[in-house]
Q: 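Quick one: the structure is below, questions incoming.
These numbers come from a predicted model, not from an experiment. No hydrogens, no waters, no symmetry mates; every other heavy atom, side chains included, goes into these values. Just follow the structure's listing: the first ligand is 1, and inside any ligand the first atom is 1.
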Amino acid sequence: MFFQFVGFLVLVRLTSASDVENCPDPASVDNSIFVAKQEEGQLLGTYFCLQGYHLVGKRTIHCNASMVWDAPSPTCHLGHCPDPALFNGEFNSLGPVQMSDNITFQCDDGYILMGSSWSQCLEDHTWEPPLPICKSRDCGPPGNPAHGYFEGNDFNAGSNITYYCEERYCLVGTQHQQCVDGEWSSTLPFCQQVPQTELEKVLLAFQEGKDLCQATKDFLKRLKESGLIMEEVKYVLEMKKAELEAKRLL
Ligand SMILES: *[C@@H]1O[C@H](CO)[C@@H](O)[C@H](O)[C@H]1NC(C)=O
Ligand SMILES: *[C@@H]1O[C@H](CO)[C@@H](O)[C@H](O)[C@H]1NC(C)=O
Ligand SMILES: *[C@@H]1O[C@H](CO)[C@@H](O)[C@H](O)[C@H]1NC(C)=O
């Protein structure tokens, strides 16, 4: 059972009469007290909900020389604070919230509580600490770094993914990551370009789509400029060949 109060108005005139005296009466709001005062050429009105009710809407409204209130009146709803809400969790509150009520929160399995596990309804109609939320312990798909990718197709709590970079890029950051309480364990790594060696620049002569004669000329010119000797080039080419051979056999 509760009592319905008719809202009433308390108009406090702080300065002498002026234009704003002609502002229309603001709407009367059930279970509230309205206080108005004149300030800097405008009328400033504030609604206060009675104990046991909380305000929904704008508490303060203004009326200036244009003779209209700048916002609709709020309403006062039963319950000293807004009804608590917690998706994917539960709390111990029944019926309208009373001032000083202290409620405790718990999340369902698979969810983690973000915020305080309890909250109290204060005199000013707010919850303190603020109401918590329940966040899934599973992760969303992780991001991909530029020139990189990840392996792993399970993004649930506890699962692991591994990052790799494209050829000619080195991974900087954490390669192996785990989904912990709804977040990947580290920030996204990035893929850094491996600088070209002198030799690679020289060998590019053969990859630039020129005919073999021109490519050979360019190659010899660049080789001379680089100061590398033919023996080194031969050695690296042999290594490259062996690497390709090994890949082919795998
Ligand atoms: C009065 O308030 C309205 C809305 O807030 C505003 O647009 C208007 O410029 C104000 N007029 C004066 C004379 O201050
Ligand atoms: C509210 O209840 C919780 C759990 O019972 C308790 O830890 C907390 O101190 C209480 N808060 C207040 C303001 O009484
Ligand atoms: C993920 O990796 C951690 C350690 O790196 C391991 O303890 C855990 O079992 C792995 N989880 C899965 C689902 O493979």
Q: Nearest protein heavy-atom contact for atom 8 (C) of ligand 2: which residue, which atom, what distance?
A: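 In this structure, atom 8 (C) of ligand 2 has Trp118 CE2, 3.6 Å as its nearest protein heavy atom.
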Q: As a test of understanding, state which of Thr60, Ile61, Asn64 forms a side chain to side chain contact (heavy atoms under 4.5 Å, CB included) with Leu44.
A: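 Among Thr60, Ile61, Asn64, the one meeting side chain to side chain contact (heavy atoms under 4.5 Å, CB included) with Leu44 is Thr60.
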Q: For ligand 3, indicate whether the residue Gln178 contacts it via side chain, backbone, both or neither (heavy-atom separation under 4.0 Å).
A: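 The part of Gln178 near ligand 3 is the side chain, not the backbone.
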Q: Count the heavy atoms belonging to other residues, nucleotides or ligands that lie under 6.0 Å from CG of Asp211, then report whether that count exceeds 12.
A: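 Buried by this count: over 12 neighbours within 6.0 Å.
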Q: Should you measure from each heavy atom of Gly158, which atoms of ligand 3 turn up under 4.0 Å away?
A: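 Reading through ligand 3 atom by atom, the close ones are 11 (N), 12 (C), 13 (C).
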Q: Please check whether Asn102 reaches ligand 2 - meaning an N/O of the residue sits under 3.5 Å from an N/O of the ligand, judged on distance alone.
A: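 Indeed, backbone or side chain, Asn102 has an N or O that close.
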Q: Considering only protein heavy atoms, which is closest to atom 6 (C) of ligand 3, and at what distance to one decimal place?
A: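 Protein heavy atom with the smallest distance to atom 6 (C) of ligand 3: Asn160 ND2, 4.3 Å.
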Q: Check ligand 2 against Gln120 and write out every atom of the ligand that is under 4.0 Å from a heavy-atom position of the residue.
A: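 Counting atoms of ligand 2 from 1, those under 4.0 Å from Gln120 are 13 (C).
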Q: Should the SG-SG distance of Cys107 and Cys134 be recorded as below 2.5 Å?
A: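 Yes, because the SG atoms of Cys107 and Cys134 sit under 2.5 Å apart, which meets the disulfide cut-off.
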Q: Assess the cysteine pair Cys170 / Cys191: is their SG-SG separation shorter than 2.5 Å?
A: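 No, no disulfide: SG-SG not under 2.5 Å.
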Q: State yes or no: are the ring centers of His80 and His54 separated by less than 6.0 Å?
A: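 Ring centres of His54 and His80 not closer than 6.0 Å.
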Q: For atom 2 (O) of ligand 3, is the nearest protein heavy atom closer than 4.0 Å?
A: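 Protein heavy atom within 4.0 Å of atom 2 (O) of ligand 3: present.
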Q: Does Lys221 come within less than 4.0 Å of Glu225, counting only side-chain N to carboxylate O?
A: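 Salt bridge between Lys221 and Glu225, a charged N being under 4.0 Å from a carboxylate O: yes.
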Q: If we count only non-hydrogen protein atoms and require a distance under 4.0 Å, does atom 11 (N) of ligand 3 qualify as touching the protein?
A: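 Within 4.0 Å of atom 11 (N) of ligand 3, protein heavy atoms are found.
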Q: Which protein non-hydrogen atom lies closest to atom 4 (C) of ligand 2, naming both residue and atom, and how far is it?
A: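 Its nearest protein heavy-atom neighbour is Thr104 CG2, 3.8 Å.
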Q: Scan the protein's non-hydrogen atoms and note whether one is under 4.0 Å from atom 14 (O) of ligand 3.
A: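 Yes, there is one.
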Q: Kindly assign one of parallel, tilted or perpendicular to the pair His147 and Tyr169, based on the angle between their ring planes and the thresholds 30° and 60°.
A: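 The rings of His147 and Tyr169 lie parallel, inter-plane angle below 30°.
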